[in-house]
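Contents: one structure, followed by commentary.
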Amino acid sequence: MYIYLKLMNELEELIRKEPYKDGQKLPSIRMLSEQYKCSKSTIIKALDELERRHLIYAMPKSGYYVVKGMNAAQSEASPILNFSAAAPDPNVFPYLDFQHCINKAIDTYQKDLFVYGTAKGMSSLIEIVRKQLMGYQVFTEERNIFVVSGVQQALSLLAAMPFPNGKQRILIEQPSYHLFIENLETRRMPVIGIERSYAGIDFDRLEKIFQTEDIKFFYTMPRFHNPLGCSYTSKEKKRLAKLAAKYDVYIVEDDYLADFEQDSKADPIFAQDDSSHVIYLKSYSKIIFPGLRIGIAVIPVQLAETFRLYKKHDDIDSSMLSQAALEIYLRSGMFDRHLAKIRSRYAARAKLLDAALKKEAARSGGAFTYEHSNYPFIHTHIMLHETISADKLFAKLKRNSILLESMDRNYLHNFERENIVKLNATNVNEADIERGIERISAIIAESIQLH
């Protein structure tokens, strides 16, 4: 990351955390230069960028001053504690950065924006995405990379198109991504489920299904599973890749939260694939913003042409403006700056959520259980006592200004549901997480007493 972009993150964090008032003066350029051990020109460049984003303003021969507003809004406690929202925190969206990239894209690619693109995607974006994927241990050729209108489109195309193995059925974890479940059930696709829990998956059961059922592909979220929040171990990922090759079953690996990985040794299943049976999907919606609708699909050679034809007939191409803006955003280093900021913010919230749940679960007397993780994430789940009605609990929490969401949508309609509650701290301020979990725990305890 460029030094001044890293510095911008640190200065923004300084403004956010310190009790600055509207119009309060920041430390001098000389003091900031000494504090952050960099040149005055680097400090000035960072401050100029922050001024352009309306976080500070300059007074000639005086210095730089704080603009309140956004920072004040971030610090105010919300009357509603929303532990159900999965969308990224609006307060860390790179609005101004990306607005700049959109304007730059219009200037740079003005001719390309007035013609249809290709089903495969913008070549300059694919080029830089290929380099970025190497950082996730996904090594592939540009010919295998497709730009899609979100991971949801890629899943829809893969479900509809024929596969070289000639098989028909789709296997998905239970629970799983609710929009893909809705897609499959609405279109009456042949689909079956296999249970996944914090402890993982029953590999003997999985192998039996691969061996005896007509499985076209197995859809999985090995990293930070939605909605459970857990991840497969490296050993489990290797085993999945071997089973796929042995039984000619494709793995569709939805690595939509790869950017938030803390464990440097946690490679994707794709890195273990020696038989070209893993299809790798990556999203930019959770790291930038959902409205971008740009995702990446890494498709094996034997599937690439069929995928291209289905993509072409589905929407001709993904938004050229979004692709061009993302290409500039990635190439400029702005993505790295934003990634550092959102990683830091989410990691802090994840630790608070994990600590609060661990403490309250121990005090709950069995009303609910929680599995602690060495690498806690921003969303997770708890298991309610079997006598507690989740729907009644949600209604009671709502009356107490706390929002949680049912997991019914995360299951196939005919699959047995566990008494699980998902929690997401993406849109809960750090200061509110502990008290929110304490309140949820108290209301759960009241619910079990009623039985």
Side-chain angles (χ1 to χ4, degrees), residues 86-88 129 132-140 148 150-152 154-155 158 171-180 194-201 203 206 217-244 250-273 277-288 290 295-298 335 339 342-347 349-351 353-354 371-381 410 420 422-426:
V129 162
Q132 187 187 51
L133 288 174
M134 292 179 186
Y136 311 127
Q137 298 302 300
V138 175
F139 297 93
T140 188
V148 290
V151 164
Q152 177 65 13
L155 291 172
L158 291 167
L171 177 66
I172 63 174
E173 299 161 330
Q174 291 290 273
S176 189
Y177 178 33
H178 69 279
L179 289 179
F180 189 39
I194 182 170
E195 183 183 3
R196 180 171 173 184
S197 67
Y198 192 89
I201 199 168
F203 274 91
L206 182 68
F217 68 76
F218 172 44
Y219 170 68
T220 178
M221 288 174 280
R223 194 185 332 241
F224 306 132
H225 180 276
N226 175 20
L228 299 178
C230 51
S231 301
Y232 284 128
T233 64
S234 295
K235 185 178 179 180
E236 288 171 327
K237 292 174 189 175
K238 290 177 182 177
R239 192 170 179 183
L240 277 170
K242 287 182 179 179
L243 286 176
Y250 286 84
I251 302 287
V252 176
E253 179 177 18
D254 188 349
D255 203 13
Y256 76 116
L257 292 173
D259 296 297
F260 294 101
E261 182 59 71
Q262 301 174 57
D263 182 1
S264 60
K265 298 180 181 179
D267 294 340
I269 302 172
F270 187 93
Q272 314 297 334
D273 180 30
H277 273 75
V278 177
I279 298 161
Y280 182 85
L281 306 180
K282 176 183 166 26
S283 172
Y284 287 97
S285 296
K286 297 299 183 185
I287 190 67
I288 305 178
I296 298 298
V298 180
F335 177 83
L339 177 57
I342 197 170
R343 263 183 177 172
S344 173
R345 192 75 58 85
Y346 280 12
R349 293 181 187 180
K351 288 179 182 178
L353 180 65
D354 178 66
E371 296 286 351
H372 167 70
S373 171
N374 291 328
Y375 296 99
F377 193 58
I378 198 73
H379 71 250
T380 187
H381 71 283
N410 298 99
I420 296 174
K422 57 182 176 181
L423 299 106
N424 197 317
T426 302

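All values below were derived from every heavy atom in this structure, side-chain atoms included, with hydrogens, water molecules and symmetry-related copies excluded.
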Side chain to side chain donor-acceptor pair (under 3.5 Å) for N226 and H379? Distances and angles first, verdict last. CA-CA 8 Å; N226 175 20; H379 71 250; 5.1 Å; no

Min side-chain heavy-atom separation [X]-[Y] under 4.5 Å:
X	Y	result
I296	V151	no
F218	I194	yes
Y177	N410	no
L243	F203	yes
F377	F260	yes
D267	K265	no
I251	T220	yes
T380	L228	no

Locate the shortest heavy-atom distance separating [X] from [Y]; write the atom from each residue and the value.
X	Y	result
D273	V278	OD2-N, 3.1 Å
F217	L158	CE2-O, 3.5 Å
E253	I269	OE2-N, 2.7 Å
S197	C230	O-SG, 3.8 Å
L155	L281	CD2-CD1, 3.7 Å
P376	A350	O-CB, 3.6 Å

Does F335 have any ring-ring contact (aromatic ring centres under 6.0 Å, His included) partners at least two apart in sequence or in another chain, and if so, which? none

Under the rule for ring-ring contact (aromatic ring centres under 6.0 Å, His included), what residues qualify as partners of Y198, not counting sequence neighbours? none

How long is the straight-line distance from [atom2] of [Y] back to [atom1] of [X], given to the nearest 0.5 Å?
X	Y	atom1	atom2	answer
S176	R196	OG	CZ	9.0 Å
S283	D254	OG	CG	8.0 Å
I342	I288	CD1	CD1	9.5 Å

Sequence-distant partners of Q262, side chain to side chain donor-acceptor pair (under 3.5 Å), two or more places apart: none

With sequence neighbours left out, the residues meeting side chain to side chain donor-acceptor pair (under 3.5 Å) with S344 are none

Check whether Y280 forms a cation-pi arrangement with K282 (NZ or CZ under 6.0 Å from the six-membered ring centre, at most 45° off the ring normal). no

Would you please indicate if the ring centroids of F180 and Y219 are separated by under 6.0 Å? yes

Is it true that the side chains of D259 and Y136 contain a donor and an acceptor less than 3.5 Å apart? yes

Test side-chain contact (heavy atoms from CB on, under 4.5 Å) applied to L423 and H381, step by step: CA-CA 6 Å; L423 299 106; H381 71 283; 5.7 Å; no

Which residues satisfy the salt bridge (charged side-chain N to carboxylate O under 4.0 Å, His left out) test with D255, sequence neighbours excluded? R223

May I have all residue pairs that pass salt bridge (Lys or Arg N to Asp or Glu O under 4.0 Å) and include part of residues 227-239, sequence neighbours excluded? D204-R239

Stepwise side-chain contact (heavy atoms from CB on, under 4.5 Å) test for Y232 and I201: CA-CA 9 Å; Y232 284 128; I201 199 168; 3.7 Å; yes

Mark yes or no for whether E173, through its side chain, and M221, through its backbone, hold a donor-acceptor pair below 3.5 Å. yes

Show, in sequence, the C-alpha distance, side-chain angles and deciding distance for Y284 and V129, and conclude whether the side-chain contact (heavy atoms from CB on, under 4.5 Å) test is met. CA-CA 11 Å; Y284 287 97; V129 162; 3.6 Å; yes

